[in-house]
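Step one of this worksheet: look at the structure below.
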Number of protein chains: 2
Amino acid sequence: MMSGPERRTVRDLRRGNRAIVLRALYFGGPASRQELTGATGLSAATVSNVTAGLLAEGAIVEAGLVESDGGRPRVLLRVDPEHGYAIGVDVGETHVRVELFDLAMTERAKADYALRPARHEAQLVARHILAGIDVVLAEAGVGRERMLGVGIGVPGIVEHGPAAVIHAQTFGWESVPLGTLLRAGTSLPLFVDNGAKTMGQAELWFGAGRGARHAIVALVGSGVGANIVTDGVTYRGVTGSAGEWGHTTVVVNGRRCRCGALGCLEAYVGAEGVLGRYAEAGGVITTDDEQVALAALLEDGSAAARQVVEETVSYLGAGLGNLVNLFNPERIVVGGWAGLLLGRRHLPALREAAGRHALAQPYRQTTIELGELGPDAVALGAATLVIESFLQ
Amino acid sequence: MMSGPERRTVRDLRRGNRAIVLRALYFGGPASRQELTGATGLSAATVSNVTAGLLAEGAIVEAGLVESDGGRPRVLLRVDPEHGYAIGVDVGETHVRVELFDLAMTERAKADYALRPARHEAQLVARHILAGIDVVLAEAGVGRERMLGVGIGVPGIVEHGPAAVIHAQTFGWESVPLGTLLRAGTSLPLFVDNGAKTMGQAELWFGAGRGARHAIVALVGSGVGANIVTDGVTYRGVTGSAGEWGHTTVVVNGRRCRCGALGCLEAYVGAEGVLGRYAEAGGVITTDDEQVALAALLEDGSAAARQVVEETVSYLGAGLGNLVNLFNPERIVVGGWAGLLLGRRHLPALREAAGRHALAQPYRQTTIELGELGPDAVALGAATLVIESFLQ
DNA sequence: TGACTTAATTCGCGCCGTGATCTAAGATGA
DNA sequence: TCATCTTAGATCACGGCGCGAATTAAGTCA
């Protein structure tokens, strides 16, 4: 009904077209001005003007010629990977990892800080991040003036507002203003988001979600979440916590979830939930490591194990079907370490289970795929937040 | 990531600003150019130019003066209700209703055609619609050149594509190209959408959803659906069937739904589902009319009735909680005849049940309200589709 | 070497939004 | 009554914009 702040002045128009060209070059690889004319819908004259500006800024560079049969050769253009750099930070249960990427998303440097269990104070994490920034910049020999910003993936719910505030029960964080804490130590632009969401963003940009305008990355690990992309943009809702798929109810009055509610999807298909159900069915778990335990469960041919896996597929299929019905996406990508583990063996069954719960029409329009990136893509995805702002 | 077709030429810029001003006047009531300057963020000069154009077209008219203390009085402007007309059509189980509205959404004429049970042939419905268009135009004395278009709310899933195709199992419609059928009889612009969605749209524009940018209208009647508004725009997904909330699973392996799946929300909180559960619990239903039966059930003080109502609140609360977690909306409006019936007596319990299933943070950010418009707002909402296109 | 082909740039035109300036239209007060 | 003040709205000049047409650049080919 009432639409947001749109283009107003003729200058915004140019900015918009600049962004269109830049995006086309970033995602469409090297291209000649000629090809850009077709890809962007702009006129050749405008493409010429805009690219001249981008060349002058140094954002793009020439990248060789394409010989033609009888005419002037086309000059290829591409984004200069060295024009700017982005840092991605993965704040996880066991470590803080800081990675420096160039614009081509090639990793240039990395720093790792172990977190001791139950030692997750925000101040400590902030110190690690700031130290990591210094380290990776020094290691790669990149100056601060070339930095486009720092993206940070954190656990829990990130409330986007004037300043991002984080709620993460597993860390004991309640309304932690991580951005403000970091602001004291750096002047680089900061982008904070949920780590599952940044991982999903990586999958959407560089993994199985490439090119889809309406896609959902369903992340299944210890926790369960989703990154919902509508019309090419990650949907965040009014305060940024949209996509809490793991805590949607799939069994009213069902299993208790660690969030306190009953019957959440996460209580059934999250790693803990799966292992818990296995133990209740008489299965024996021989290790403390969830990942090892889940892999073993999937290998196990016992009746109890097969039953638990079958049920897990069914629950997850219901959850996926709900996404299909509510969002009518063109693609769903199943990711997260547990999702990948399960999906590698049972993707057809998962598709079939989703089809059982979804309506026929939207189900036909969608494909369910496995994620292509490892579960370590949190930092990469966090860096894409920075790139996204660079591309306007 | 890749964003859609944005403003390109300097002409689109003007069109966009024209739309901004028009929308501000449409939703912000009469306003002076002065006030428009503030409301739109445009400069006074531009507002002057744009309004001059709109006045010349006849889209807006002057609407009196506001005297000031010592200066030139402000001239109020408003959209001319007679500048254009929109027709809204409600294709329901028992009737086809055609209504003519002016731009102020005042009803100017109406035509009604009863449908005999199980006589829902698309050709027949199309004939009724075309006849209704002729009738209301003649009755109101409005010429076709003043018509902005015809909006049509239909049951089932509307697949938006090159031509809208409708799938409605209750009507026995499978891939019915209603637009194409009507195209043979009229040249007016046509807008086809799901009836529940148009009703929701009416609620969002003129009812309890007014002004919200992230809102969901949850419609509970015989069927159950939702109209999801993200950033001021109804979300449709890749082929327009997004929002099929009624067929999301809330109890894996639960009650069979008429869609064929097990455990759909609709199977529990749709009118049929509620009455079915009541019958199973030993309740006696004395009428064939679902609406009367449900009202009686809500009045009934028997233990069985109370139990069924309580469970219904719980299931619906779970469904609402899922919406809160997935979409993080700022407002949820509960509508539909059954939703209103239930909500009038049990809204606090419903809110409480939703809170039990939703995460605390997003739940705090949202309010759950009852719809303000009656369940007969399908045609009104269908007409808003036309107005929406008029406002660009 | 000159004709041909195709890519990219340049130019002139019609628009755009904006700040500064100007005009319109009332109130005020002696 | 009439000059003065105040505020709303219109107008103007300017810097930009995208585009189609014309022009220039840079090759191939015979």
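Quick note: numbers below take in every heavy atom, side chains included, and nothing from hydrogens, waters or symmetry partners. Each chain gets a letter, A, B and so on, in the order the sequences are listed, and its residues count up from 1. These figures come from a predicted structure and were not determined experimentally.
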If you define the side chain from C-beta out and look only at heavy atoms, does anything of R8(A) sit under 4.5 Å from T40(B)? no

Using whole Å, report how far CG of L76(B) lies from P of dG9(D). 9 Å

Give a yes/no answer on whether the side chain of N49(B) brings an N or O atom under 4.0 Å of OP1 or OP2 in dC16(C). no

Separation of dG16(D) atom C1' from R8(A) atom CZ, nearest Å, is 18 Å

Side chains of L22(A) and V79(A): does their closest heavy-atom pair fall under 4.5 Å? yes

Looking at dG18(D), I'd like to know if its phosphate oxygens (OP1 or OP2) sit under 4.0 Å from a side-chain N or O belonging to R14(A). yes

Pick the closest DNA chain D nucleotide for A44(A) and for A44(B) by heavy atoms, then say which residue is nearer the 5' end. A44(B)

Can you identify which nucleotide, out of dA8(C), dT11(D), dG9(D), has its nearest atom closest to the R74(B) side chain? dG9(D)

Sequence-aligned protein contact record of nucleotides 21-30 of chain C, with B where the base is within under 4.0 Å of a protein heavy atom and S where only the sugar-phosphate is: ---BBBS---

When rounded to whole Å, the CZ to P distance for the pair R15(A) and dC16(C) reads 20 Å

Could you identify which residues of residues 33-41 of chain A place a heavy atom less than 4.0 Å from some atom of DNA chain C, listed by residue number, or say none? R33(A), Q34(A)

Euclidean distance, atom CG of residue L13(A) to atom P of dC17(D) [Å, nearest integer]: 9 Å

Can you figure out which of dG9(D), dG16(D), dG19(C) approaches the side chain of V10(B) most closely? dG16(D)

Is it true that E82(A) and R108(A) have a side-chain N and a carboxylate O under 4.0 angstrom from each other? yes

Give the minimum heavy-atom separation between V47(B) and R33(B), together with the two atoms involved. CG1-O, 3.8 Å

For Y235(A) and F327(B) the tightest heavy-atom approach is OH-O, 3.1 Å

Ignoring hydrogens, what is the shortest heavy-atom contact between G58(B) and H83(B)? Give both atom names and the distance. O-CD2, 3.2 Å

Over all heavy atoms of both residues, which pair between G207(A) and R210(A) is shortest? Give the atoms and the distance, please. O-NH1, 3.1 Å

Rounded off to whole Å, could you give me the CG-to-C1' distance for the L42(B) and dT18(C) pair? 11 Å

d(CG, N17(A); P, dC16(C)) in whole Å: 16 Å

Give a yes/no on whether any side-chain N or O of S43(A) is located under 4.0 angstrom from OP1 or OP2 of dC19(D). yes

Would you kindly give the CG-to-P distance between L77(A) and dA8(C), to the nearest whole Å? 8 Å

Contact class for V47(B) vs. all strands (heavy atom < 4.0 Å): base, sugar-phosphate, or nothing? nothing

Taking every heavy atom of V158(B) against every heavy atom of A164(B), the minimum-distance pair comes out as CG1-CB, 4.1 Å

Should S48(A) be listed as having a side-chain N or O under 4.0 Å from OP1 or OP2 of dA8(C)? no

Evaluation steps, side chain to side chain contact (heavy atoms under 4.5 Å, CB included), between R18(A) and E57(A): CA-CA 12 Å; R18(A) 190 195 103 113; E57(A) 289 175 44; 2.6 Å; yes

Could you give the CG-to-C1' distance, from L55(B) to dA10(D), as a whole number of Å? 13 Å

Position toward the 5' end of DNA chain C (nearest nucleotide), T51(A) or T46(B): T51(A)

Within a strict 4.5 Å, meaning less than it, do heavy atoms of the D80(A) and I60(A) side chains meet? no

